[in-house]
Chemist: 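Take this structure first; my questions come after.
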Protein chains: 2
Amino acid sequence: MATNVTITDIAKELNTTPATVSRALNNHSSISEETRARVWEVAKRLNYRPNSIATSLRSGKSHLIGVIIPSAKINFFGSVVHGIESLASEHGYNVLIYQTNESREHEKKGIQAFLNARVDGILVSMAKETHDYKHFLEARDSGTPIVFFDRANEDLDIASVVIDDYKGAYMATEHLIQQGYKRIAHIAGPQHIRLFNNRLRGYLGALQANNITIDSSLIYTGNISIEAGKTAIEHFLSLPNPPDAVFSVEDFTALGALKALKEHQILIPEQFGVIGFANEEFGEHTTPSLSTLDQQTVLMGEAAFTLLQEQINMKTSTQMKAKKVVLDPIPVYRQSSTRH
Amino acid sequence: MATNVTITDIAKELNTTPATVSRALNNHSSISEETRARVWEVAKRLNYRPNSIATSLRSGKSHLIGVIIPSAKINFFGSVVHGIESLASEHGYNVLIYQTNESREHEKKGIQAFLNARVDGILVSMAKETHDYKHFLEARDSGTPIVFFDRANEDLDIASVVIDDYKGAYMATEHLIQQGYKRIAHIAGPQHIRLFNNRLRGYLGALQANNITIDSSLIYTGNISIEAGKTAIEHFLSLPNPPDAVFSVEDFTALGALKALKEHQILIPEQFGVIGFANEEFGEHTTPSLSTLDQQTVLMGEAAFTLLQEQINMKTSTQMKAKKVVLDPIPVYRQSSTRH
DNA sequence: CTGTTAGCGCATTCAG
DNA sequence: CTGAATGCGCTAACAG
């Protein structure tokens, strides 16, 4: 029952030694075809399962990779994990997950747990709360490769995979321009978070590139929530010269905007264009459906794993500068911004 | 750098033995306060991290639990994993995840990988494809506790946590009756999947309990998809005596129904009531918002872990019948079915 | 209270 | 080609 059979058991059964069994099972070169076959036969018969804990202890490689995310409940991270696990599994790695719930304390605990487990590498999307990076450096210095995804820190010399927020915002804004909207507003997120700042810059960059004067009254900075989107629209509509389109920093805020505009009986996209960012699931099903930018979540997971694997396979001596992979967001233009 | 410090290193530093260090670090009873302090000091200074692989090998407990899900991309499973990981982490377990992508072959590989890793227990939501349960029985017989969640098999004498689909369907149907709808239809899912059958039975049960004659033309059986919902509505509206409400087996199908009804300019909920099942994220944001039943995903994860932990802590001799936990779905009545 | 011995399961020496 | 010996890092039993 609960007794797991070991190579010693097999050896006894065959009046040979564990070493021979080990060699046979690992298809080692110097072993006679006959013993190999006999060993495999017995192994199968006894239902032998290699104890990967023992192998790990001996080899020093756990074939485990640790993934730290804010929450598995958040769609985005679920998708990234999907990408990570698919590739990892294919390459013989098992995946450990740990949720921080946005707490730096938990994040630290996660890193500790992973280091104790001797994971071969760590993938992390930082908690919002985190402004102190000791625990990451500690991991890296202990020789465990780390790769950030989505939420990264540029200054840390740690590899990362992120979305090009500037480019996405630029594309979204330019799309609105091409659709013929004249006064394009932006609902911005908290500016101390870099990615929101990048999106604001992308918006400004697109306006400038198209010789459109920037009107600061058309930039509303708030939280990211449905409520914030509604408030932003109320603000915009109260302006003497209101906008006729908005690039919203994020889909939920865009949804708020959509709702507020509908309450005001403003036709979307005819009178007012709306585009968000993130490609949340609901966007396809709102009325009108919401234009947005897809963040390539699965690809991000795969890229992060690939980067990590490179580091794992690299001789630790071959220390080179941390790679940064920047993924292009994919435009998803739906009804809310498409006039033609 | 990459060299991890061991208790032997600490022992050398202090001219003592690994055993003493081990005892000190584990706050063992018979150890002098002085040595304990000295050991801890050195451990901290050398940045010692216990090697949990070694501990696992020695103790026979990995403090790992394995979770097998169809896909992390699916919201539902992300939420359940959230529940599992939260509790597991709190209880000192690390969580391994493995995706099957609905393939039995992968499911088998996942079980193998987990058994090799000597996980202390396994949580699994079966792949749709799976109709052969050897790999589960093998795991159980090897002494590794298993608990099913959401997708379970009743005949296997393996513990499980599932949603009460019958009850949910019953509640949904009764809700429509109470809202004054007279001819209530049902869009059913493939009947060879038990949970869909249970929902059909719940629908029928509620009608019977309220002395409403069952009209088989009001039951449309199809796939679960937006398209199926639309087709169902087209079918219903072509009837000589069409229904005025529908309980849809699942939210996406309900969404299709919503869309088709809107195309026909039928007012929801005034002329036609709609309720789904699953509480997908988009339902809150459709126009009108979609009534549905919440599946208590996080709670399901927590319950599954709790059940597993019970089994892990149970003396293997105390073999008792597999527990089945049945969770009540929570009604979420929104605009699409609320007339008053 | 501390040191010695031993072994968890495996894979790699080094001898034959 | 196979056997014997050794150690990965840790902890428990058994002395002292």
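Naming: A, B, ... by sequence-line order, numbering from 1 per chain.
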Chemist: Counting only side-chain nitrogens and oxygens, does A:Thr20 get under 4.0 Å of the OP1 or OP2 atom of D:dG3?
Modeler: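 Affirmative; the distance criterion is met.
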Chemist: Before accepting this row, confirm whether a basic side-chain N of the pair B:Glu13/B:Arg45 lies closer than 4.0 Å to the acidic partner's carboxylate O.
Modeler: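 Answer for the salt bridge query: yes.
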Chemist: OP1 or OP2 of C:dG3 sitting under 4.0 Å from any side-chain N/O of B:Thr16?
Modeler: yes
Chemist: Describe, in one word, how the ring planes of B:Phe77 and B:Phe149 are oriented to each other, choosing from parallel (under 30°), tilted (30 to 60°) and perpendicular (over 60°).
Modeler: perpendicular
Chemist: Could you check whether A:Arg49 pairs with B:Glu138 (Lys NZ or Arg NE/NH1/NH2 to Asp/Glu carboxylate O, under 4.0 Å)?
Modeler: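 Salt bridge: yes.
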Chemist: Would a line drawn from the ring center of B:Tyr98 to the ring center of B:His106 be shorter than 6.0 Å?
Modeler: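 No, too far apart.
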Chemist: Treat primed atoms plus P, OP1 and OP2 as sugar-phosphate and everything else as base, then score nucleotides 8-16 of chain D 5' to 3': B for base contact with protein heavy atoms under 4.0 Å, S for sugar-phosphate contact only, - for none.
Modeler: BBBBBB---
Chemist: Does the distance from a Lys or Arg side-chain N to an Asp or Glu carboxylate O, for A:Asp132 and A:Arg104, drop under 4.0 Å?
Modeler: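 Salt bridge present between A:Asp132 and A:Arg104.
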Chemist: Answer yes or no: is there an ion pair linking B:Glu102 with B:Arg151, defined by an N-O contact shorter than 4.0 Å?
Modeler: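 Between B:Arg151 and B:Glu102 there is a salt bridge, with a charged N closer than 4.0 Å to a carboxylate O.
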Chemist: Nearest whole angstrom, please: distance from the C1' of C:dG9 to the CD1 of A:Ile53.
Modeler: 10 Å
Chemist: Does B:Ser56 make a side-chain N or O approach to OP1 or OP2 of C:dC8 shorter than 4.0 Å?
Modeler: no
Chemist: Using a strict cut-off of less than 4.0 Å between a Lys/Arg side-chain nitrogen and an Asp/Glu carboxylate oxygen, indicate whether A:Arg38 and A:Glu41 qualify as a salt bridge.
Modeler: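 Judged by the 4.0 Å cut-off on N to carboxylate O distance, A:Arg38 and A:Glu41 do not form a salt bridge.
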Chemist: For A:Ile10 and C:dG9, what is the distance between atoms CD1 and C1' respectively, to the nearest whole Å?
Modeler: 12 Å
Chemist: Looking only at side-chain N and O atoms, does A:Ser32 come under 4.0 Å of OP1 or OP2 in D:dT2?
Modeler: yes
Chemist: Rounded to whole Å, how long is the line connecting atom CG of B:Leu14 with atom C1' of C:dC1?
Modeler: 16 Å
Chemist: Taking CD1 from A:Ile31 and P from D:dG3, how many angstroms apart are they, rounded to a whole number?
Modeler: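 Result: 8 Å.
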Chemist: What is the separation between atom CG on B:Asn27 and atom C1' on C:dC1, rounded to the nearest whole Å?
Modeler: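 Rounded to whole Å, this separation is 15 Å.
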Chemist: Could you give the angle between the helix axes at the two ends of the helix from C:dC1-D:dG16 to C:dG16-D:dC1, with five pairs per end, rounded to 10 degrees?
Modeler: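 Terminal axis comparison yields 50°.
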Chemist: C:dC1 phosphate, OP1 or OP2: any side-chain N/O from B:Ser30 under 4.0 angstrom?
Modeler: no
Chemist: Using a distance-only test with no angle check, is there a side-chain donor-acceptor pair under 3.5 angstrom linking A:Thr20 and A:Thr17?
Modeler: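 Yes, because at least one side-chain N or O of A:Thr20 sits under 3.5 Å from a partner of the opposite role on A:Thr17.
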Chemist: Can you tell me if B:Thr35 and B:Ser32 form a side-chain donor-acceptor pair at under 3.5 Å?
Modeler: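 There is such a pair (donor and acceptor under 3.5 Å, judged by atom type) between the side chains of B:Thr35 and B:Ser32.
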